[in-house]
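Inspection log for the structure reproduced underneath, given as structure tokens.
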Amino acid sequence: MSSPLDAAALGAALAGYYPQLDVTDSTGSTNADLLAAAGLGAPDRTVLIAEAQTDGRGRRARRWVSPPGTGLYLSVLLRPSQVAAPALGTLSMVAGLALAEAVRETAGVTADLKWPNDLLIDGAKCAGILCEVGGGTPPAVVVGIGLNTGPLGEEVPAGAGGLPATSLADAGATETDRSAILVALLVEFAELEARWRSAGGSLAASGLLRSYRELCSTLGADVRVELPDGSTRTGVGRDIDADGRLLVTGDDGVSFAVSAGDVVHVRH
């Protein structure tokens, strides 16, 4: 288990980016806490980090395992008032880019992105991202990130689609110090989010769509799309459009766009 995170030191290192940063020993979910804080008027760029979560969650209410001292579990509250509500969901893609860059620069690990919000290392999931829209004025969006840093130790059950779990340490990272990785991640995210925000939430106009495409391993992959209504479709991931949707060419040759659902990379 790594050393506890120092809230004062982190706050000082990130003061130019985030006006409010707190570290808690344990909580149910940092996303749930910041969504509640958003309704009470918490400011733009508020950060909450937990040493452990007892009820961490991912997409479609799945549980994210968050044992103490072995990972980074954090949420960032943003109030991008100039961004229209339909574009807020693309923040998960911005966060994915920040994660990939931070682990490459700080930990020496090359990672890719599975659409829309999983960080993969050699086909195994190392991090997940969950964006949720909250209340308050202006409206808030909370971006939650769970990143495995230390050795996983006991076997962690596979995720959606049988996706195995990994961590930076298990992937041979040259740096697993959580504070160093956290600062690099939050600085990178602040800079990319500022570009996204100034472009009105447009991935294309901000230049981030091109970067995302370059890192997205879903493009060119055989995929199974599990849609919210319970149906499934199969095909090949072909592109990401300007709205952040995955464009798939189905097995029947007909193309379709996916804005919500689980995408499984099918191995042959």
Side-chain angles (χ1 to χ4, degrees), residues 31 56-65 83-100 110-133 141-148 156-166 196 201-206 208-268:
N31 258 35
R57 61 183 190 266
R59 295 179 66 248
R60 302 178 79 169
R62 294 192 181 95
R63 188 168 182 269
W64 177 266
V65 179
V83 176
L88 293 178
T90 61
L91 266 173
S92 65
M93 300 169 75
V94 178
L97 284 171
L99 264 172
T110 299
D112 55 77
L113 300 167
K114 183 174 78 71
W115 185 91
N117 59 355
D118 288 337
L119 185 83
L120 304 185
I121 300 174
D122 295 329
K125 183 172 177 175
C126 188
I129 300 163
L130 178 66
C131 283
E132 297 181 278
V133 177
V141 57
V142 173
V143 181
I145 299 172
L147 171 67
N148 298 325
V156 177
L163 195 64
T166 191
W196 171 88
S202 169
L203 291 171
S206 64
L208 299 181
L209 181 57
R210 178 179 177 180
S211 298
Y212 188 90
R213 284 170 171 154
E214 290 173 352
L215 286 176
C216 185
S217 58
T218 306
L219 300 184
D222 293 314
V223 298
R224 182 176 72 252
V225 183
E226 299 174 353
L227 298 167
D229 65 3
S231 64
T232 62
R233 298 185 69 176
T234 56
V236 177
R238 293 298 187 193
D239 200 2
I240 309 292
D241 72 10
D243 295 319
R245 299 181 302 174
L246 175 65
L247 305 182
V248 179
T249 299
D251 290 341
D252 56 3
V254 178
S255 295
F256 59 96
V258 183
S259 58
D262 283 328
V263 172
V264 179
H265 290 186
V266 180
R267 298 186 179 124
H268 295 290

| What is the distance from atom SG of C131 to atom CE of M93, rounded to the nearest 0.5 Å? | 11.0 Å
| field | Note, L88 side chain near V83 side chain (heavy atom, < 4.5 Å) | value | yes
| CA sep, side-chain torsions, deciding dist, call: L246, L219, side-chain contact (heavy atoms from CB on, under 4.5 Å) | CA-CA 9 Å; L246 175 65; L219 300 184; 4.1 Å; yes
| query | Of all heavy-atom pairs between A257 and L247, which one has the smallest distance, and what is that distance? | reply | CB-CD2, 3.6 Å
| query | Any sub-3.5 Å donor-acceptor pair from T218's side-chain atoms to W115's backbone N or O? | reply | yes
| message | Donor-acceptor pair, distance only, cut-off 3.5 Å: does the side chain of N31 make one with the backbone of G144? | response | yes
| task | To the nearest 0.5 Å, tell me how far D251 CG sits from T234 OG1. | result | 3.5 Å
| CG of L147 to SG of C126: how many Å apart, nearest 0.5 Å? | 5.0 Å
| note | Closest non-hydrogen contact found for D112 with S217 is OD1-OG, 2.8 Å
| message | Rounded at 0.5 Å granularity, tell me how far CZ in R233 sits from CG in L227. | response | 7.5 Å
| query | Between R213 (side chain) and I240 (backbone), is there a donor-acceptor pair under 3.5 Å? | reply | yes
| remark: Heavy-atom closest pair (G128 atom, D118 atom, distance to 0.1 Å) is CA-OD1, 4.1 Å
| message | If I compare all heavy atoms of T90 with all of G244, which pair ends up nearest, and what's the gap? | response | CG2-CA, 4.4 Å
| task | Could you tell me which non-hydrogen atom of P228 sits nearest to which non-hydrogen atom of A260, and how far apart they are? | result | CD-O, 3.5 Å
| request: List in chain and number order the residues that pass side chain to side chain donor-acceptor pair (under 3.5 Å) with R245, two or more places apart in sequence or in another chain; answer none if no residue qualifies. | output: D241
| message | If the condition is side-chain contact (heavy atoms from CB on, under 4.5 Å), which residues does R238 pass it with, not counting sequence neighbours? | response | V236, T249
| task | Answer yes or no: is there a side-chain heavy-atom contact under 4.5 Å between V264 and E226? | result | yes
| query | Going from CG on L120 to CG on L163, what distance comes out if it is rounded to the nearest 0.5 angstrom? | reply | 5.5 Å
| query | Looking only at heavy atoms, what is the nearest atom pair of F256 and V258, with distance? | reply | CE1-CG2, 3.7 Å
| request: State the OG-CG distance between S202 and D243, to the nearest 0.5 angstrom. | output: 8.5 Å
| field | Residues that L208 engages under side-chain contact (heavy atoms from CB on, under 4.5 Å), provided they are two or more places apart | value | V94, L97, L192, R195, W196, L203, S206
| query | Taking N117 for the side chain and I129 for the main chain, is one N or O donor matched with an acceptor at less than 3.5 Å? | reply | yes
| field | K114 side chain vs H265 backbone, donor-acceptor pair below 3.5 Å | value | no
